[in-house]
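Each remark here refers to the structure printed beneath this line.
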Amino acid sequence: MKKFQGRVVVPGTAKAQALVTRNGFNTLASYQKSLMFGDKEAKCSDQNNPELYKKPMAGTALCLPQTIGSTTGGMVLFTAASMGRQPACLLFSKPIDSLAAAGAILAGVWSSHPMPTVDSLGDEFLDAVRTGDTITIEENGVVTIE
């Protein structure tokens, strides 16, 4: 068991299976097919991210360094939450960008599907976590890998 302290962006608790990418997360490319064609598992449609491609994202502890892509990123996260296809939580090794933060915050305010979000967990976090690990998030930003 390993614990990491991050900065709370969206408060909350969660326990979920990790889905890990060490590449930048292109929010629109990852969610586009799910949001357009009704895939409730939200399988990643970003062919440029082999760690996530075709893997279900809904309900996971999405572990990533940072988001990349266009200004639609925040709206995509909010829309995924509005449709119940969001990750259980978002865990960033680096500081979160303002667009992803806005999407996560709006999901907690305007939908019934909040995404607790913690950033600045450090590169050591991504070195330690593996897809399938059980992740627990506490209100204070402590993230535990089991």
Side-chain angles (χ1 to χ4, degrees), residues 2-36 38-46 48-49 51-53 55-126 128-146:
K2 292 187 179 180
K3 291 184 181 251
F4 295 86
Q5 176 68 58
R7 178 180 66 151
V8 176
V9 177
V10 176
T13 61
K15 185 171 186 173
Q17 298 300 114
L19 180 60
V20 181
T21 182
R22 286 159 185 80
N23 298 312
F25 182 76
N26 186 321
T27 312
L28 179 58
S30 296
Y31 272 101
Q32 189 167 9
K33 284 186 181 176
S34 169
L35 300 181
M36 290 176 62
D39 172 17
K40 292 184 181 182
E41 292 182 309
K43 287 185 219 70
C44 180
S45 54
D46 183 1
N48 294 316
N49 191 331
E51 294 171 298
L52 300 183
Y53 185 57
K55 292 183 181 168
M57 298 180 292
T60 65
L62 187 56
C63 305
L64 62 155
Q66 61 194 13
T67 60
I68 57 173
S70 71
T71 56
T72 62
M75 184 54 76
V76 169
L77 287 172
F78 165 69
T79 302
S82 296
M83 299 172 84
R85 298 179 186 157
Q86 78 290 347
C89 56
L90 297 170
L91 303 172
F92 289 81
S93 64
K94 299 185 182 310
I96 193 172
D97 64 280
S98 60
L99 297 170
I105 291 165
L106 290 176
V109 173
W110 288 347
S111 83
S112 57
H113 304 285
M115 288 181 287
T117 302
V118 177
D119 77 346
S120 301
L121 288 161
D123 292 335
E124 302 79 22
F125 170 71
L126 280 184
V129 68
R130 300 286 176 261
T131 293
D133 289 347
T134 299
I135 302 288
T136 305
I137 302 173
E138 299 173 34
E139 287 275 351
N140 62 0
V142 171
V143 175
T144 303
I145 303 170
E146 297 176 37

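Atoms considered below: every heavy atom in the structure, side chains included; atoms not considered: hydrogens, waters and symmetry mates.
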Is there a donor-acceptor contact under 3.5 Å from the side chain of Ser45 to the main chain of Ser30? yes

Just how far is it from atom CE of Met83 to atom CZ of Phe78, taken to the nearest 0.5 Å? 11.5 Å

Could you check whether any side-chain N or O of Asp133 sits under 3.5 Å from a backbone N or O of Arg130, counting only pairs where one atom can act as donor and the other as acceptor? yes

Rounded to the nearest 0.5 Å, what separation is found between the CG atom of Asp119 and the CD1 atom of Ile96? 6.0 Å

How about Lys94 and Leu121: do any of their side-chain heavy atoms sit closer than 4.5 Å? no

For Met115 versus Leu77, what's the shortest heavy-atom pair and its separation? CE-O, 3.8 Å

Do we see a donor-acceptor contact under 3.5 Å between the side chains of Thr134 and Glu146? no

Contact summary for Gln86 and Ala81, nearest pair of heavy atoms: OE1-CA, 3.5 Å

d(Met57 CE, Ser34 OG) to nearest 0.5 Å is 6.5 Å

Not counting sequence neighbours, which residues clear ring pair (Phe, Tyr, Trp, His ring centres under 6.0 Å) with Phe125? List them please. Phe4

Applying side-chain contact (heavy atoms from CB on, under 4.5 Å), name anything that partners Lys3, two or more places apart in sequence or on another chain. Met1, Glu138, Val142, Thr144

Leu64 versus Phe92: any side-chain heavy-atom pair under 4.5 Å? yes

Would you find more than 12 non-hydrogen atoms of other residues, nucleotides or ligands less than 6.0 Å from Met75 atom CE? no

Backbone N/O of Leu126 and side chain of Arg22: donor-acceptor pair under 3.5 Å: yes

With no hydrogens and no angle check, is any side-chain donor or acceptor of Thr60 less than 3.5 Å from a backbone partner on Ala58? no

Salt bridge Arg85-Asp39, side-chain N to carboxylate O under 4.0 Å: no

Heavy-atom pair with the smallest gap, counting every atom of Ile137 and Val143: CG1-CG2, 4.3 Å

Value for CD1 (Ile135) from SG (Cys63), rounded to nearest 0.5 Å, stands at 4.5 Å

Of Thr27, Asn26, Asp97, which meets side chain to side chain donor-acceptor pair (under 3.5 Å) against Thr67? Asp97

Provide the closest heavy-atom pair for Leu99 versus Thr71 in the form atom of the first, atom of the second, distance. CD1-CA, 3.6 Å

CG-CZ distance between Asp46 and Phe25, expressed to the nearest 0.5 angstrom: 8.0 Å

Which atoms form the tightest heavy-atom contact between Tyr53 and Cys44, and what is the distance? CD1-O, 3.6 Å

From CG (Asn23) to CG (Asn49), nearest 0.5 Å: 5.0 Å

Contact summary for Leu52 and Leu62, nearest pair of heavy atoms: CD1-CD1, 4.3 Å

Close side-chain approach of Leu35 and Val76, heavy atoms under 4.5 Å: yes

